[in-house]
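Here's the structure we're looking at; comments come further down.
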Amino acid sequence: GAGEVFSASCADFHKHIELTVDGKRIDDLPSLEGIAIVNITSMYAGAHLWGHPSEGSSFKPQNMGDELVEVIGLYGSFHLGQIKSHLRQSGKRLAQGKVIEIT
């Protein structure tokens with residue numbers, strides 16, 4: 001909620017987790033306050049957390065039948081609100097894979 005925007009209780013989240021996708025450690029977790037793991041193309045009345053990767057991107061477009069899930073970084077509740085209200089295209093694309101480990 002609004003209080004979370006100002007208190008940022010998860011401000012050091014990225015320093016306290018290790019993310020591994022299909023056996024590969026993901027080190028690019030810049031100041032993230034949350035991670036979403038999704039296998040749906042939209043939520044929040046049409047908001048796309050994964051977005052639409054540009055041509056030449058190392059990421060594939062989302063496909064619910066490809067047996068992969070998408071791992072998306074979020075910079076906080078304000079960032080999520082921007083995605084939900086379509087002010088931002090997507091969260092921070094981190095990885096796509098079958099086996100996700102968070103420690």
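- Considering CG of Leu74 and CD of Glu33, their distance stands at 9.5 Å, rounded to 0.5 Å.
- Note that the CG atom of Leu29 and the NE2 atom of His16 stand 12.5 Å from one another [nearest 0.5 Å].
- Contact check for Gln89 versus His48: no side-chain heavy atoms found under the 4.5 Å cut-off.
- No side-chain heavy atom of Ile17 sits less than 4.5 Å from a side-chain heavy atom of Leu32.
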Stepwise side-chain contact (heavy atoms from CB on, under 4.5 Å) test for Val69 and Ile100: CA-CA 9 Å; Val69 293; Ile100 314 299; 3.7 Å; yes
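- Between Glu70 and Leu49 the shortest side-chain heavy-atom distance does not fall below 4.5 Å.
- Applying the side-chain contact (heavy atoms from CB on, under 4.5 Å) test between Leu94 and each of Ile72, Ile37, Leu19 identifies Leu19 as the sole match.
- The two residues Asp22 and Gly97 come nearest to each other via the heavy atoms OD2-CA, 3.2 Å.
- The distance from the NE2 atom of His79 to the OG atom of Ser31 is 12.5 Å, given to the nearest 0.5 Å.
- Here the side chain of Arg93 pairs no donor or acceptor atom with the backbone of Val71 at under 3.5 angstrom.
- Tested against Gln62, the residues Asn39, Ile40, Val38 include a single side-chain contact (heavy atoms from CB on, under 4.5 Å) partner, Val38.
- In this structure, the side chain of Glu101 does not engage the main chain of Val21 through any donor-acceptor pair within 3.5 Å.
- Between Leu68 and Lys98, the closest side-chain pair of non-hydrogen atoms falls below 4.5 Å.
- Without hydrogens or angle criteria, Ser57 side chain to Pro53 main chain gives no donor-acceptor distance under 3.5 Å.
- A distance of 10.0 Å separates CD1 in Ile83 from OH in Tyr75, rounded to the nearest 0.5 Å.
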